[in-house]
Amino acid sequence: MKKLVVCYAGIWAERLLTIERLKEVAYFIDDIDKKRCIYGNTCFEKKIYPMNKVLDEKKDDIIIIISDNKRYGAAKAVFEEFGLIENEHFFNGWTLDFSFYKTYYDNNSWINYEKQVENAINQENFNHRAEMMAKLIPNDVQSVLDIGCGVSDIKQYISKGIKYYGLDFCKRDSDTIICDFNKEKLPKIEVDMYYMAGLVYYIDDVEDFFSQLKKAKYILFDYGGIERYLRLDGVPGDPLVNARNNFISIDELFVILRKNGFVFENGKWDYKNGKIGWHMYLFKNINLF
């Protein structure tokens, strides 16, 4: 994860920063010429430095959020003079989108997350999610490909008459199909349903990925995109730290799936689980019915 720096301390930083994001801030910088703050003091117990402090950093190791929209142009001019690039090294804090989070978390991945978290793929709430999602599986499903299978939570909840295939980026057991779907195409296995629990967050190219699923009758997945991170003022908060994307809305996913012949068939929101619950969606391939 890159070092996070906030440009301009004060009221707009206070309005922009969530407590969660504030924890990640390394320090603040401000415009020394306009004497808007007293250097050497702190903002939210973080050090405040002149803007040229960023010259002490390797530019590809930092990411700057500009907190004051009205002063964005002035900051932009300074940072470009320093050799920094807009939407690569510095961002407008009030218009953060997928490109910011992809840049900020560019060295994070599920692979790294598994190395850092002992029970990454074997969490109790994952088992609960699988149980709930299994209830959405239609009666005519006779085969399932579980993409990003982990410990195959879903397997214990499906009928024994359903042929199960588990796919992941590494071998989970002797039957695991190994495929890194962000680097290679999915294997051509004919199944009635693609099952994806907690997977959409980790897909680099969502449109290309879903375009590979056209031969199945159903797609069953869970997802909570940008909607789950919106604050009351409409500004997104920080997403899952190891996710590849969180800022595709469910509406955008509906459009992508419709382009590939799938329409919404059924769904469930398990609102009692966790902070926001599980949002589960079953899509039906209208070309096969």
When hydrophobic residues are tied together by side-chain contacts of less than 4.5 Å, even through go-betweens, does [X] share a cluster with [Y]?
| X | Y | answer |
| --- | --- | --- |
| Ile11 | Leu17 | yes |
| Leu288 | Leu136 | yes |
| Tyr49 | Leu55 | yes |
| Met196 | Ile189 | yes |
| Ile62 | Phe82 | yes |

Option among Ile65, Asn69, Asp30, Ile48 that satisfies the side-chain contact (heavy atoms from CB on, under 4.5 Å) test with Tyr8: Asp30
Side chain of [X], backbone of [Y]: donor and acceptor closer than 3.5 Å?
| X | Y | answer |
| --- | --- | --- |
| Asp222 | Gly198 | yes |
| Asn285 | Lys214 | yes |
| Trp269 | Met280 | no |

Between Phe221 and Leu257, is a side chain to side chain contact (heavy atoms under 4.5 Å, CB included) present by the stated rule, with each step listed? CA-CA 12 Å; Phe221 65 95; Leu257 283 156; 3.7 Å; yes
Approximate separation, where rounding is to 0.5 Å, of [X] [atom1] and [Y] [atom2]:
| X | Y | atom1 | atom2 | value |
| --- | --- | --- | --- | --- |
| Ile162 | Ile154 | CD1 | CD1 | 8.5 Å |
| Tyr195 | Asp146 | OH | CG | 6.0 Å |
| Tyr202 | Asp204 | OH | CG | 12.5 Å |
| Arg129 | Asp153 | CZ | CG | 7.5 Å |
| Ile63 | Lys3 | CD1 | NZ | 13.5 Å |
| Gln142 | Lys217 | CD | NZ | 6.5 Å |

Reference residue Phe254; test ring pair (Phe, Tyr, Trp, His ring centres under 6.0 Å); the match among Phe262, Phe210, Phe264: Phe264
Write down the atom of [X], the atom of [Y], and the distance for their closest heavy-atom approach.
| X | Y | result |
| --- | --- | --- |
| Gly83 | Lys59 | O-NZ, 3.5 Å |
| Glu57 | Tyr27 | OE2-OH, 2.8 Å |
| Asp168 | Thr176 | N-CG2, 4.0 Å |
| Tyr164 | Ser152 | OH-OG, 2.9 Å |
| Asn287 | Gly261 | ND2-CA, 3.8 Å |
| Ala197 | Met133 | CB-SD, 4.1 Å |

Between Phe79 and Phe90, what is the ring plane arrangement, given parallel below 30°, perpendicular above 60°, and tilted in between? tilted
Give a yes or no on this: more than 12 heavy atoms of other residues, nucleotides or ligands lie within 6.0 Å of atom [atom1] of [X].
| X | atom1 | value |
| --- | --- | --- |
| Lys53 | NZ | yes |
| Glu190 | CD | no |
| Lys215 | NZ | no |
| Gln156 | CD | yes |

Give the C-alpha distance, both sets of side-chain angles, the deciding distance and a yes or no for side chain to side chain contact (heavy atoms under 4.5 Å, CB included) between Phe44 and Glu14. CA-CA 9 Å; Phe44 306 112; Glu14 181 179 345; 3.6 Å; yes
Beyond-backbone contact of [X] with [Y], side-chain heavy atoms, under 4.5 angstrom:
| X | Y | result |
| --- | --- | --- |
| Asn92 | Ile66 | no |
| Ile29 | Cys7 | yes |
| Met51 | Asp31 | yes |
| Val144 | Leu220 | no |

Go through the steps to decide whether Asn182 and Phe209 satisfy the test side chain to side chain contact (heavy atoms under 4.5 Å, CB included), and finish with yes or no. CA-CA 8 Å; Asn182 282 324; Phe209 179 85; over 6 Å; no
Can Asp140 and Tyr218 be counted as having a side-chain donor-acceptor contact under 3.5 angstrom? yes
Are a donor atom and an acceptor atom from the side chains of Tyr194 and Gln212 found within less than 3.5 Å of each other? no
How far apart are the C-alpha atoms of Tyr223 and Tyr281, what are their side-chain angles, what is the distance that settles it, and do they pass the ring-ring contact (aromatic ring centres under 6.0 Å, His included) test? CA-CA 8 Å; Tyr223 185 68; Tyr281 305 92; 8.0 Å; no
Decide side chain to side chain contact (heavy atoms under 4.5 Å, CB included) for Met193 and Ile137; before the verdict, give the C-alpha distance in whole Å, the side-chain angles of both, and the deciding distance to 0.1 Å. CA-CA 9 Å; Met193 189 181 78; Ile137 298 177; 3.8 Å; yes
Between Lys163 and Asp192, is the closest basic N to carboxylate O distance under 4.0 Å? no
side-chain hydrogen bond (donor to acceptor under 3.5 Å, both in side chains) partners for Glu207, two or more places apart: Lys259
